[in-house]
Structures are given as C-alpha cells and as structure tokens.
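Here is the structure we will look at.
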Amino acid sequence: MKKQIQALLLQSLTALQAKQILPISDHVEIKIDNSRGSEHGDFASNIALMLAKPARSNPRELAQNIIAHLPESDLLDHVEIAGPGFINFFLKETAHQAIVAEILDKGDRYGDSDIGANIPTLVEFVSANPTGPLHIGHGRGAAYGAAVSSLLKKTGFDVSCEYYINDAGRQMDILAVSVWLRYLQHCGTDIPFPDNAYQGDYINDIAIKLHNDHAEKFIVNSDNLSALFKEEDAELRIDGLIKYCITQLGDETYRIVFDAGLYSILATIKDDLLGFGVEFDNWFSERSLVSNNTVDQCIEKLTEQSWIYEKDGAQWFRSSELGDEKDRVLIRENGQATYFASDIAYHLSKIERGYEKIIDIWGADHHGYIARVKASLQALDQSPEKLEVLLVQFATLYRGKEKLQMSTRSGEFITLKELQDEVGKDAARFFYIMRKSEQHLDFDLELAKSESSDNPVYYIQYAHARICSVFRQMPDKGYAYNEADSLKDLSTLIEPHEIKLLAMLARYTDVIENAATTYEPHQLAYYLKDLANDFHTYYNANQFLVEDDVIRNARLALIAATKQVLQNGLSLLGVSSPEVM
RNA sequence: GCCCUGGUAGCUCAGUGGAUAGAGCAACCGCCUCCUAAGCGGUAGGUCGCAGGUUCGACUCCUGCUCAGGGCACCA
C-alpha cells in the first residue's frame, strides 16, 4: 500500500519537475509514514517539508502543488494538507477491505517478501561451550537467533543456522578431568574434587555411565595423584591434573573420557534446543578445523603475507594495524593455538562455504572480539563487511529481589529446560524476544512463574483461540461460511473498529521487513500485541455471528484473516497458536 | 583510562527526525440475559538523566557531563 502511494507521489513530483516548479535532483527519498491518529488519515508524507527549501517555496504551498499533480487513483478517498505541510492520505474503504482477500489467498505465505534476494546467509548463534547444559543466559541467544533466522527466511534470504561447537581447548580438558575425577571417586578412590572443576551433578551422571560402559578401565595409581593436589595455584593444579590424566591414560583412552563428556552434554544441548523449538542446519566442530589443518593453513597464509610476528616465544597477529586495539596471540609460548586462531579459520570457512551474509550472535561480553575477527578477515583478503555481529545483552536472573549468579563451572544455574518446564515454551520464547536485544533483560523467575498469565503471549494467543471458538460455534447457530462467497461481501466492513483492524492487518508485511532488516524481532512481538488488542476491541464492540448473511460473512472473513496473521506472526517467534485456551 | 549498552509514567518497557510521547502491571471508575471477562472502555499518572549544538522541526542526530550494567588475557 505504501509503495502504491509512493508511486503516486513520484508521478506528481516528476510532473512538477517537468514544469520546473521543482529542481531536478537525482535522489529524492519519498517517505511514507503510518499516521498516528485517524484524524491524520491513513498515511502521511513529509515530502513537501523536505523539498520546500530546494524548491524555494513554502511547504504548504508546495504541498498544494504536489496534491494538484497527483494522478487519479481508486485507492484514495481524499488528500489533505496539515500542520506545517504534511500531506495526509485518506484511503477509500474498498482499499482497506482488499487486504482480507489477499491474506486469505496467501495464507501462511502472507507477509513473505523477496528483499533478501536469495542471498546465502549464515546465522550462527548459541554456540555455548559443551561443558554443561544450557542455562537461562543461553536461552536469550537461542530465542533471538531463531527469531532473526525465521524473519530473514521470510524476507527471502537463503538462511542456514549453525551452532559452533567449541570441542577443543582447555575448557573441554577441564570437563574431561572433572568427569574422570568423579569416576575415580565413584570407583572408591579417596581424592578431593577441585573447586574450579565442573561441579554440576550431571558430571557425576556421566562418570557413572562411564563406569557402567567401561568398568575400571580408567583407574590409575592414586598415590602420585594426591601429590598433584598440593599445588596451591588452583589453575596450575587443574592443568597438572589434565596433564597427569593424559599421560596416565594415554591419548586414546583419555579421548574416551573426553568424548563421553562431550557427546553426553552435546546430546542434552540438542534435546533442550529442540524442545525449545530451535533447530540448527549445521553443528560445526572446532576440533574438525584443527584436525584437518584448516587452522594451520590459515596461519600459514597470514604468515606469508607478513601478518604474523614472534614475540616472547609466541606468534602474534598484527591486528592493531587493521583497527583492533592491540595485537593478538595466535600460537602460545607452549605451542598451542589460541581460541582466536580457530575462530579465524572458522570465519574463513564461512566465507569459503559461499555465504555472503554472515551473522554472528554473541553475548555482549564478547564485543571486544569483533574488531579482531574483522581484522583477520581483512588480512585474509576477505571483506569484513560480510560479517555482522549482533550483540545480545546479558539476562540477569532474579528470584524476586535476589540476584542470582550463573556459572557453569560452579554448577549453580537454572537450566533452560527447567525454565521451560516451569513457565512453558511459549511464554519463555516470547519473554526473551519482547525486549530489544541491546536492552539488559531482568529475568525474574518468580514473576515468570507465578504471574505467567500476565505474559502478553497469552493475550495474543487468546485472540487466536477466540476466533477459533467463533468458527466452532457457527454451525450450532445454523450458519455456514464459504470463503469465496464472503469475499464478495467485504464492502460492509465500514465500522471504525473494522477499518482499524483492516489497516493493522495491512501493515504486517512492512513490520516483517522492518523487523528482519533491523534484526529486531521485538517489533513483531509488539505488533502482534497491537493486533490482538484491535481484535479484542472489535470482539467486544461487535457481534460476528449475526443474522444478516452479508454482514456475518464479511466479519467472519475479517476475523479469519486476523487469525491467519496472528498465526503467521507467532510461528515466526516460535510460539504456538492454540485453538482452545 | 579506553570500548560497547542502557537512563522515557510508581514498576517493567515500546517509540522510523515530524503533528497531542505510548503499552502492560500497580491505583481508581465502569462493562457478562450476548461468539471464552486470560477480554473491553474510561480516569489519573511525564523536566523523555543533565547541559549545550545541528534545523523549519529533536525522546530520536552530534558534543560534553553524569549514573547503571558489561568488556578490555599467551581463558573460552
């Protein structure tokens, strides 16, 4: 609708340019806004205000000229000049009514657009270390990433979703040792358990399963072991334990313990995400980048182009020359590659796999990381603009007024699954998405649990269920509804509440496009709330199942269209549309 | 010190450079003989953190200040 009015305005402006009332300029952006109140019409443009200066005219006079040169259109009832020079467009009722037929015709494809032009797009999100189950903090990234991906798919991007598994590195070794120590305890070895190992009960479960599957295969002489606990520095102590574990068990046997932890936790993560309605196309392993030498090759390339130098026994990347605040280590003094080294290889792989739009969704604590990853792409002769990093602010967890700490290592956290079991998937998904991603999210467990019926998601779902209920009761009242016939009767939709609802339905495609291009799914959430409100108001003001066939059919068609849009929108956010509540 | 985010009604938050700054919760007053009251209508509630600047016009853009959260590793 906006585009059609834009086209009308463009014709008028072109005519004015031909008459030399307006100067010729190559770039005029015609902006059309949805009007705030109905007294300002349906759409408004500030074009006369924008062009008044170059045209050396006053805005109201220019607006008058623009209106005079607008071509005939059967969309518009009339056009007004208001305030300092706004042009307000008042649509004909028939123009509003047409949206019903369009929605019912397109069904779940209503709202689709092709602005994405099939650009190969990779959205990477969650990517939590597989060292423990997902907790509430990860939930926000999951809900946000899933919604952004869905929106991009709807707007014509060719989207794949990916989870990067950090299955290499020290954290994973700590996990393996945690499992091993619990296993030894389970087998009766009398040893302490370090504070900085993973404390969660799930470690015990993995250890017990390890014992069931492999009996006493991982037991070693514990006399030497206890000496390691005398190291006072906690981090050095755990490094010593890792080293001891590997040398005692041997690489292959150590790998069994390591993988037992990794795969068990990964399976839990996949299950939890699936239950949360979040699915990934790829699970990309960091270890695979190491084992197939991609990381080494990357470092070689960088070395060839003199982006690497040696200092203090380590290999450094000159990222500071490419916008980072300082240089970064790629290979540590001990010969091990850093996490950043694999991340360079990972991002290169994203580009080499053909993705032109690469979206990373990270926690806000990683923001300092953006500059170095972009620097690495540039050093590898790739365009850093392909990478867009979206930061999601922290979710701070409260139980009433008490702020809860969340740490995977200490095992003190509420898991995503626990949240889901307590407040339900729909409420949790919507709660996460409601807040702008840059906004800190205070997640009050008590509020989410005890007052979950206040969650706006129920308000929207209720609108959907009410519509279903109307259609369920229709046969009992002796009425039938035929969609094709009803579309002929739309001209009776002229009540103020009906016009308002029609206008709201027509905005949906705009909302989707806007939410997708700005990566702001909360816009859709707020729209759905508004739409539900317009419907509930209409529901209270007018009866749908009335005796008059024409009016009844038109109203049923309108609410059927409303139901469709509610369902389309909710499904993009991963929320169900129940028929009964 | 430097770099991100925020600061809008009592609370939690929306708000494309535009017209009278909005919603939910909380408070108050109404609405079920009627398709689900998990709903609807109304009243009240504001120095849009502070101070400058840009312009026809600023909650929105720029600068400075201030408060809050986060980040500044040979951790991931």
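Because the structure is predicted, anything quoted here is derived from the model rather than measured.
- Rounded to whole Å, the separation between the P atoms of B:G49 and B:C67 comes to 16 Å.
- Every salt bridge (Lys or Arg N to Asp or Glu O under 4.0 Å) that A:Asp259 has, sequence neighbours left out, goes to A:Arg287.
- In this structure, OH of A:Tyr346 is placed 17 Å from P of B:A76, rounded to the nearest angstrom.
- Summarising the geometry, the separation between CG on A:Asp239 and P on B:C74 is reported as 15 Å, rounded to the nearest angstrom.
- In this view, A:Arg328 and A:Asp324 satisfy the side-chain hydrogen bond (donor to acceptor under 3.5 Å, both in side chains) rule, not counting sequence neighbours.
- In the model, A:Gln171 has no side-chain atom that pairs as donor or acceptor with a side-chain atom of A:Thr131 under 3.5 Å.
- Ranking B:A73, B:G41, B:A76 by closeness to the A:Lys326 side chain, first place goes to B:A73.
- With hydrogens and angles ignored, a donor-acceptor pair closer than 3.5 Å exists between the side chain of A:Asn540 and the base of B:G39.
- Distance from the side chain of A:Val329 is smallest to B:C74 among B:C74, B:C35, B:A76.
- Using C1' as the reference atom, B:U43 and B:A26 are 15 Å apart when rounded to the nearest Å.
- Residue A:Asn334 is classed as having no contact, given no heavy-atom separation below 4.0 Å to the nucleic acid.
- Distance, A:Ile460 CD1 to B:G24 P: 13 Å, rounded to whole Å.
- Distance from the side chain of A:Glu520 is smallest for B:G15 among the nucleotides B:G71, B:G15, B:C13.
- Between A:Leu49 and the choices A:Leu51, A:Asn46, A:Ile47, the side-chain contact (heavy atoms from CB on, under 4.5 Å) rule is met once, by A:Asn46.
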Treat primed atoms plus P, OP1 and OP2 as sugar-phosphate and everything else as base, then score nucleotides 3-9 of chain B 5' to 3': B for base contact with protein heavy atoms under 4.0 Å, S for sugar-phosphate contact only, - for none. BSBS---
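- Base engagement by A:Asn542 is indicated by at least one non-hydrogen atom pair under 4.0 Å involving a base atom.
- Here the separation of B:C50 from B:U66, taken at their C1' atoms, is 7 Å to the nearest Å.
- For A:His78, the side-chain hydrogen bond (donor to acceptor under 3.5 Å, both in side chains) test picks out A:Glu80, with sequence neighbours left out.
- When only modelled atom types and interatomic distance are considered, A:Ser35 and A:Asp42 share no side-chain donor-acceptor pair under 3.5 Å.
- At the phosphate of B:C13, neither OP1 nor OP2 sits under 4.0 Å from any side-chain N or O atom of A:His522.
- Every side-chain hydrogen bond (donor to acceptor under 3.5 Å, both in side chains) that A:Asp167 has, sequence neighbours left out, goes to A:Ser285.
- For A:Arg435 and B:G69, the CZ to P distance is 18 Å, given to the nearest whole Å.
- Within the structure, a side-chain polar atom (N or O) of A:Tyr459 is placed less than 4.0 Å from OP1 or OP2 of B:C40.
- For A:Lys477, the listed nucleotide lying nearest its side chain is B:C35; candidates were B:G71, B:C74, B:C35.
- Protein atom NZ of A:Lys529 is 11 Å distant from nucleotide atom C1' of B:G22, rounded to whole Å.
- Contacts of A:Asn334 classified as side chain to side chain contact (heavy atoms under 4.5 Å, CB included), with partners at least two apart in sequence or in another chain: A:Arg332, A:Gln336.
- Distances shorter than 4.0 Å separate some side-chain N or O of A:Arg466 from OP1 or OP2 on B:A37.
- As judged by a 4.0 angstrom heavy-atom cut-off over every strand, A:Ala52 is placed among residues making no nucleic acid contact.
- A:Tyr369 comes within contact range of at least one nucleobase, with a heavy-atom separation under 4.0 Å.
- Contacts of A:Asp365 classified as side-chain hydrogen bond (donor to acceptor under 3.5 Å, both in side chains), with partners at least two apart in sequence or in another chain: none.
- When the P atom is compared between B:G7 and B:C31, the two are found 40 Å apart, to the nearest whole Å.
- Look at CD1 on A:Ile370: it is 13 Å from C1' on B:G70, rounded to the nearest Å.
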Dot-bracket for RNA chain B, please, read 5' to 3', with Watson-Crick or G-U wobble pairs under 3.5 Å on both distances, ( ) within the strand, [ ] crossing, | other strand, . unpaired. (((((((..((((....[...)))).(((((.......))))).....(((((..]....))))))))))))....
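- Among the heavy atoms of the strands lying under 4.0 Å from A:Tyr539 is at least one base atom, whether or not backbone atoms are also near.
- Straight-line distance between the P atoms of B:C62 and B:U54: roughly 15 Å, to the nearest whole Å.
- Taking atom P on both nucleotides, B:G52 is separated from B:G30 by 47 Å, rounded to a whole Å.
- Every ring pair (Phe, Tyr, Trp, His ring centres under 6.0 Å) that A:His536 has, sequence neighbours left out, goes to A:Tyr459, A:Tyr462.
- Nucleotides B:U20 and B:G15 are separated by 15 Å at their C1' atoms, to the nearest Å.
- Taking atom CD1 of A:Ile344 as the reference point, atom C1' of B:A76 lies 15 Å away to the nearest angstrom.
- If you find the closest nucleotide of RNA chain B to A:Thr537 and to A:Arg328, the one lying nearer the 5' end belongs to A:Thr537.
- Base contact: A:Asn34 has a heavy atom under 4.0 Å from a base atom.
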Please list, for nucleotides 17-20 of chain B, all pairs of protein and nucleotide N/O atoms separated by less than 3.5 Å.
| from | atom 1 | to | atom 2 | distance (Å) |
| --- | --- | --- | --- | --- |
| B:G18 | N7 | A:Asn46 | ND2 | 3.0 |
| B:A19 | OP2 | A:Arg36 | NH2 | 3.0 |
| B:A19 | N6 | A:Asn88 | OD1 | 3.0 |
| B:A19 | N1 | A:Asn88 | OD1 | 3.3 |
| B:A19 | N1 | A:Asn88 | ND2 | 3.2 |
| B:U20 | O4 | A:Glu39 | OE2 | 3.4 |

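- Every residue was checked against the ring pair (Phe, Tyr, Trp, His ring centres under 6.0 Å) condition with A:Phe317, not counting sequence neighbours, and none meets it.
- Between A:Leu441 atom CG and B:A14 atom C1' the separation is 15 Å, expressed in whole Å.
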Residues 341-349 of chain A side chain polar contacts: donor-acceptor under 3.5 Å, at least two apart:
| from | atom 1 | to | atom 2 | distance (Å) |
| --- | --- | --- | --- | --- |
| A:Ser342 | OG | A:Glu286 | OE2 | 2.8 |
| A:Ser342 | OG | A:Tyr339 | O | 3.3 |
| A:Tyr346 | OH | A:Glu162 | OE2 | 2.6 |
| A:His347 | ND1 | A:Asp343 | O | 3.0 |
| A:His347 | NE2 | A:Asp360 | OD2 | 2.5 |
| A:Ser349 | OG | A:Tyr346 | O | 3.2 |
| A:Ser349 | OG | A:Arg353 | NE | 3.2 |
| A:Ser349 | OG | A:Arg353 | NH2 | 3.2 |

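- Nucleotides B:G17 and B:U60 place their P atoms 11 Å apart, quoted to the nearest Å.
- Regarding the sugar-base torsion, B:C32 falls in the syn class, its angle being within 90° of 0.
- Residue-environment remark: CE (A:Met474) exceeds the threshold of 12 foreign heavy atoms within 6.0 Å.
- Close placement of the A:Tyr538 and A:Phe544 rings is indicated, their centers lying within 6.0 Å of each other.
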